[in-house]
Amino acid sequence: MSGVSVTKAADDAAPAADDLVVLSNVNKHFGALHVLQDIDLTIARGEVVVVIGPSGSGKSTLCRTINRLETIDSGAIAIDGKPLPQEGKELARLRADVGMVFQSFNLFAHKTVLENVTLGQIKVRKADKAAAEKKGRELLDRVGVGSQADKYPAQLSGGQQQRVAIARALAMDPKVMLFDEPTSALDPEMINEVLEAMQQLARDGMTMVVVTHEMGFARSAANRVVFMADGKIVEQATPDQFFSNPRSDRAKDFLSKILHH
Amino acid sequence: MNVLLDHLPEFRDGFIGTVLLTAASALLAMVLGLVMAGFRVSPVPPLRFFGTAWVTLFRNTPLTLLFLVAWFVVPAVFGTGMSPWTKALLALGFYTSAFVCEAVRSGVSTVPLGQAEAARSLGMTFFQTLRLIVLPQATRTVVPPLSSIFIALTKNSAIAGAFSVTELFGVQKLLSDKGFAIAPIFLWVALAYLVITFTISGLFRLLERRLEVAR
Ligand SMILES: Nc1ncnc2c1ncn2[C@@H]1O[C@H](COP(=O)(O)OP(=O)(O)O)[C@@H](O)[C@H]1O
Ligand SMILES: [Mg+2]
C-alpha cells in the first residue's frame, strides 16, 4: 500500500442531500455470467466512493455502466436526475459530464499531451482553441505535468500519462469522475503522484467513484467504501468501519488477503 | 511507320481517359469505402447489415458483370441519361469500394479499443470518434493495401474500353481494327499502364514514408 497520508478535509460532514448518480436494481449479464446482480447504489454530490472487491467481482463493469460504455439488461441509472439515454447525440452529451479515467490511461496516441486535453473541449464543448489551450495548460499544471504539454503520450512515464488522463477528463468540467483502478498499471514509485492528484480533486469537492485497492487513499479521501463480490454489493461502510471492522465474511476474507500478502 | 508516333493523339486520349477514369473511380471508391467501413463498425445494426451486404455483393460479383448491369439494367431502371463514362465510373467505383472498405475495417481493428472508449467517454459521437481518433491511427495499416487496390483498379479500368469508353485498352482495339500490327500496339499500351501503376506505387511509398516519420 502506498503511504498517502493527507487528512480528510471537512467532508466528514454529511454530504449534501441531492443525489448525483443513482443506480436502482441494475442487472447485467455477459452471456450466462450474471456480472451485476440487483445493484442499488446512490452517490451524492461531492461524495467520494471507493469500490473494492476481488478481481472479477464486477467493479469495472459497474463503473462502465455509469457512462454507458456497457449497457444494462434491467434496472435504471440516472445522472443528476436524468436517466441514461439510448446511444446517440444525447448520450454523448451526457457522457461529457461524466469523466472517466482508465487503468491503461488510453491517451490519444497520435495527439500531443496538450491536444489530448483540448480535443474534447473543442470538438464536444465547442470551446474556441485559445480558451481550450489556456484551460488545458492550467489543468496540466494542476496535476503537475505542465512542462510535458508538447510531448506525445508515449514519451511520458505511466504516472505522468495517468495525470494527463485526469486532466483530460477534468477539461470537460464533469459532474462526476469515474476511476477504474487508476494506479494498477503503474510502477510503485509512480502511484503516489497519481493518488495525490486524486486527493486534491476530492478535497476540491469533486464527486468521485474510485475502483481501487489503495487503502491509504480510501482512508484519507473516501466518504464510503462499497465492497463488491460476485456481482453483488455485499457491504457498504465508512472507510474506518470497513477496514477495522468488516461485517461480512467475504469482506473479512478479502481484507485478510490484501493486508497480508 | 511507328504506331505510337503516327497515332499519338489516340494514345494520348486513351492515356488521359484511363488516368481520369481511374482517378475518379478511386475517389468514389475511397468515399464509399470509408462510409461503408463506418457502417460496418457502427453500433447501429441496420447500418452494419447494409455495410456487410454492400461488401458481400460488390466483392463477390465479377467486375464484367457489374459493367453489364451498369449498361443494361441501370438504364432500364433509372433512365438512359447516363454517359458510358459515368456508368464505367459507377461500376469501377462500387466494385473497388468493397475492397477499400475491408482494408479500412482491418486497419480500424488494429487500433486499441481503449482509444475509442476514451473518445466516447469525452462525449464524442460515434462519427467524431471514428474521424478524429480511430481513422488517423488506422492510416498506417490501411495505406499499404490501398496501393494494391488502386493498382488493380487501374488495370480493371481496361474493361471500360470494351464498353466503348475512350481509354488506353480501347486504343489497342481501335488500331488493330484498322489493321496495324498488334504486337507493337500491345507493347505501347502495356508501357502506358506501367507508367500509371508505377506512379501509384511510388506515390504510396512516399506516403508510407511520410506516415512513418510522422510517428
Ligand atoms: N466484455 C466482456 N465480455 C464477457 N465477459 C466479461 C466482459 N467484461 C468482463 N467480463 C467478465 O465479467 C466479470 C466481471 O468483470 P469486471 O467488471 O472487469 O470485474 P472486476 O473489475 O471487478 O475485476 C469477469 O468474470 C469478467 O471476465
Ligand atoms: Mg476491473
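Please read these numbers as outputs of a predicted model, since none were measured by experiment. Letters A, B, ... mirror the listed sequences (proteins, then strands); counts begin at 1.
In this structure, no portion of A:L178 lies under 4.5 Å from any heavy atom of chain B. Only the side chain of A:F102 comes within contact range of chain B, judged by heavy atoms closer than 4.5 Å. Within the 4.5 angstrom heavy-atom criterion, no atom of B:L113 approaches chain A.
Here A:R95 is the residue among A:R93, A:R125, A:R64, A:R95 with the most heavy-atom pairs under 4.5 Å with chain B. Considering only heavy-atom pairs separated by less than 4.5 Å from chain A, the leading option among B:P112, B:P43, B:A119 is B:A119. Taking chain A as the reference chain and counting heavy-atom pairs below 4.5 Å, the highest number among B:Q128, B:M124, B:R120 is found for B:R120.
Side-chain contact between A:L69 and B:S121 is present, with heavy atoms from C-beta onward closer than 4.5 Å.
Crowding of B:R48 atom CZ: a count of heavy atoms from other residues, nucleotides or ligands under 6.0 Å exceeding 12. Within a 6.0 Å radius of CZ in A:F30, other residues, nucleotides and ligands contribute more than 12 heavy atoms. Residue A:E90 qualifies as open at atom CD: its count of foreign heavy atoms under 6.0 Å is 12 or below. With a 6.0 Å radius and a threshold of 12 heavy atoms from other residues, nucleotides or ligands, B:W188 has its CH2 atom at or below the threshold.
Heavy-atom minimum distance, A:L119 versus B:I133: CD2-CD1, 3.5 Å. The shortest non-hydrogen separation linking B:A118 to A:N106 is CB-O, 3.4 Å.
Going from atom NZ of A:K111 over to atom CD of B:Q115 covers 11.0 Å, rounded to the nearest 0.5 Å. Separating the OG1 atom in B:T129 from the NZ atom in A:K123 is a distance of 12.5 Å, to the nearest 0.5 Å.
Of the possible polar contacts, none joining the A:H110 side chain to the B:V134 backbone as a donor-acceptor pair under 3.5 Å is found.
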